[in-house]
Amino acid sequence: MGTGKDKTTYKDTLNLPLTDFDMRAGLIRKEPAIQDRWKQQGLYGRIRKARDGAERFILHDGPPYANGNIHMGTALNKVLKDIVVRVKNMAGLDAPYVPGWDCHGLPIEDKVMKELGQAAKDLAPIEIRRRCQAYADRFVGLQSDQFQRLGVIGEFDNPYITMHPEYEAAVLEVFADLIDQGLVYRQLKPVHWSIENRTALADAELEYHDRDDVSIYAAFKLVGGQLDVLGECDGATPALLVWTTTPWTLPANLAVAVRPGYTYAFVRAATAKGTMLLVIAEQLVEKVAAAVGAARPAFLQGFQVVGTCKGQQLLDANLTYAHPLLEGRTCPVVPAEYVTLDDGTGLVHTAPGHGAEDYGTALKCGLDIYCPVQDDGTFDATAPEFLRGKDVWQANPMVIEALDQAGMLLCQETIRHSYPHDWRSKTPTIFRATKQWFIAVDRPLRGMTGSEKSLRGLAMDCCRREPDDDGVEFIPAWGRNRFAGMLDSRPDWCISRQRSWGLPIPAMFNEAGEPLMTPNSVLAIAATFERLGADAWFTATPAELLGDYDPAADEALDNPEAFAVDKLRCGKDIFDVWFESGSSWYAVAMKRGLVDTIPVDLYLEGSDQHRGWFQLSLLPALGSRGQAPFRTVLTHGFVVDEDGYKMSKSDGNTIDVIDQLDKRGADILRLWIASQDYQDDVRCGENLIAKAEDAYRKIRNTLRFCMGSCSDFDPARDTVEPTEHSVDRWMLMQIHQLIRDVREAFDAYEFHKATRRMYEFCTVEASSIYLSAVKDRLYCESPDAIRRRASQTVIHLMLCSLVKLLAPILPHTCEEAWGHIPAKPADWPESVHLALLPEYDEDILSLAGDIRPVSADDGKWALDELRTGPAGIWDKLMDLRGAGLVKLEALRNAGVKKTLDAEAVFKVRAGDDEAMQIIETYRPELEDLLGVGYARVEFADDLPDGTTVDVEVLDSRERYERCARSWKRRPDVGSNEKFPDLSARDAAVMEELGKGRQ
RNA sequence: GGGCUUGUAGCUCAGUUGGUUAGAGCGCGCCCCUGAUAAGGGCGAGGUCGUUGGUUCGAAUCCAUCCAGGCCCA
């Protein structure tokens, strides 16, 4: 030791951290490699095997639409699901995950049609379907890759695909059940209609262009009800004044709607038919007078408001009016909240066959869905004679003329407005009632024993009942209310669409146009679809589709003789895609044997699915099984930008998932997701994800330091139980509390709490307090020193616990870390994802549970309190640490830069021998917790009132020599003659090492 | 316009049945260390708890209004 003053010499005698675990993550490079390895190992299958026979937990995946790249919202959803699945599997449950895709539907068909352009017109449905299928396949593959790049684990080799034959067949099986329950019916409903192409159109197939139309004011003469609600008519003809831009729909008029809350005025005015008493919304009187007066100045002669009443009073008076075009038809006044004062008269012409709102009103008020317009746009025989055979555009002037003749036309004008056009033919569309298929939500189910309930009734029961009473659990809890509200207000479910890309509604029609669609006929077709796919609907004959099915043997048919199989033709409607995805609980969860019976454990989607997939899965499940498909419905909010506004491409505030994956890696993105309270909207931006990256580094470095500190530690050989008064014991309590808190947060799906807890644990308990404190003994003690091994024991436990607890959130990083845990027991699984989450020890927690806040009032350490348990004492010791750190900071500013150059003096109230004894017991730990070179204890009689122990820090540079090995300044430096530059401890270690080397 | 929902420091979150000077971590500022080093540590400054009224001895916590977001409808 001739160069004993040279500290580099001693550096070689220290046990410095040693590990291959990279400080820099390199996620972009490593993650794909780790994912490849998982694939090669068949990790998912191995997890399944390992959990075989364990209690099941089924998170049933809601299928994303197979169109486009995934976006941040999809990533949020999938990662949350993945965390759930991983947590459950690591909790020892058998939690398979079968991802799925929704493949049918308009967006894909639209994309394909647009790509085809004009060529699309001449293509048969089967051709369009094949192209759509190829398109969907492409995006299923793309999204599957993207999900797996996010680290999502599941049965990606065999996902569920709604366009696959077995899935299509399963949907029809559910449908057959609903038919059996008497819930499926056919009825008129207005849809957008292209006269040019004689086809129904979806919203997405409409283009809005400006168009000039005639608008008219027409009077409907009141003929019935309590007309005295209008007051004295005084010879005037009482009439309702309506305004419309589609005079051709007047033949189909069945009612006039008013808003109950509005005030209506009675206006005397001169018309061609003499003086009338017109009902007009009070606020629109002037506007109407101006409009009509401009065209017909005479209208204003004697114009005056003679009275008013509320819309509700008009309704209560049960008024009826004579239809202006049809002799003998009288119609009612009905309420409607969609009536506005923006234009018109505040009274709305209602033709249920020609308008969506009118249709809704008709359902509420029991009006017919009447539509005299045929598919070519011409009027049928029920229309007034002068219109029959004419098309709606020809009809407009003729209707106006007829009204004028009758003296009921007050004026007409031309207006330019935005009007829907068929995107293919560019011709204007109309609203026209057509026959559609529905699922009734208010009809009592037929076949459920002992149930008089309707789907709505059963569904409301599911959300009214509490989870422990066979009801559905909602997370967050307000989902229950929202879900119920949406159920309560929903109309019957229109399940038919007039498109090509979808599952055909298995209705066949005889020559009389009557449908054949019974449970058995549908099941027969289902069997065919299972073999051949739904394309068979377009290529096979009805006889082939029906197979062995014989109408004559079908008890569900009243008149089987009317349905000769060889005379049937297939219907052209397809299912609403929601019916397909809404049957997945059966087509996937049950058909694949994930569950024997519903409900499954969990559905987890965005809160938009309250009205979407959740509701539309519940209804078929109730109709088919009388059971909800889910036990728990968990929703998350939407991804919004950093300022809380919705993301949109046009605003340029979107964050691209793939960009982030390429730039930062999946684990960063996952950590960001896991740290969000997803119940509300989730703010997302470059800065926010960058924060997650910072947090990631902290976590990673903590793990790394733990590994480095345990490089020579083998738990099987070196484990040492931490002594009662060591900081290791304190850390042990912290670890068990961590495990408990994180597992509780996992169980409650509060991943952000789990994540925060672990992150702050790494920052505070681990890095700042514990690891800093034990550095000296790790580095300087001899390798086998009890004190050192005890700390390594705790650090190793902490490392293993953290890696497992973090694995559901950071699967790649934890897999990498798993491979770097020193002396990992040989019987531990190859992958962390096959491991189980750590358990916490109740006994250790109960030590912590003994914590009682030491009364702040007297500030006195009653010895009873000190003896309530280690945790109680440690609370106080940590307070002393805090106080000492503040004083060290002051000392640092006064020139003592290194805390090892300071000594701490703990002052105990004179005479308090027991407090003295306790502090003396913990003195070595306090020394390291403060990072000072030396700590001593002394009695003091100048402590402030209420203080039992205080801490002072002193500059020890003049007082003690500095140990050249541990860098601590303490009185025992030089006490060993062989090592005059070392403290007693370090000198002893050097001697021991020297012996060891000999 | 309707239903549901959110609004606490720059950020992410805690704030128990309304009760003393509203907390944490990060970030930020200043400082230290250089034996976790593209690391680590210490201290500190940040909030009229969205607004305005009200209930109360007392409200971030209860009520009402308004403002600004979000989802779903219309």
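Letters go in sequence order (proteins before strands), and every chain restarts at 1. Since we're looking at a predicted model, the values are computed, not measured.
Of the residues in residues 767-774 of chain A, those with a non-hydrogen atom less than 4.0 angstrom from any atom of RNA chain B are Ser767(A), Ser768(A), Ser772(A). RNA chain B is contacted by no residue of residues 791-800 of chain A, taking any non-hydrogen atom closer than 4.0 Å.
For the P atoms, the distance from C67(B) to C31(B) is 48 Å, rounded to whole Å.
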Taking N or O atoms only and anything under 3.5 Å, show me the protein contacts with nucleotides 7-9 of chain B, one pair per line.
none

Quick test: give all pairs of protein nitrogen or oxygen and nucleotides 27-30 of chain B nitrogen or oxygen below 3.5 Å, distance rounded to 0.1 Å.
none

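For residues 752-764 of chain A, the set of pairs meeting the salt bridge (charged side-chain N to carboxylate O under 4.0 Å, His left out) definition, not counting sequence neighbours, comprises Asp741(A)-Arg757(A), Glu750(A)-Lys753(A), Arg756(A)-Glu760(A).
Remark: Asp22(A) pairs with Lys30(A) by the side chain to side chain donor-acceptor pair (under 3.5 Å) rule, at least two apart or across chains. For Asn687(A), the side-chain contact (heavy atoms from CB on, under 4.5 Å) test picks out Glu642(A), with sequence neighbours left out. Considering only residues two or more places apart in sequence or on other chains, Glu781(A) meets the side chain to side chain donor-acceptor pair (under 3.5 Å) condition with Arg787(A), Arg985(A). When the side chain to side chain donor-acceptor pair (under 3.5 Å) test is applied to Ser772(A), no partner is found at least two apart in sequence or on another chain. Under the side chain to side chain donor-acceptor pair (under 3.5 Å) criterion, Thr813(A) pairs with Asp667(A), Tyr696(A), not counting sequence neighbours. Shown here are the side-chain contact (heavy atoms from CB on, under 4.5 Å) partners of Asp358(A), two or more places apart in sequence or in another chain: Thr350(A), Ala351(A).
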Intra- and interstrand pairs of RNA chain B - dot-bracket, Watson-Crick/G-U under 3.5 Å, | marks other strand = (((((((..((((.....[...)))).(((((.......))))).....(.(((..]....))).)))))))).
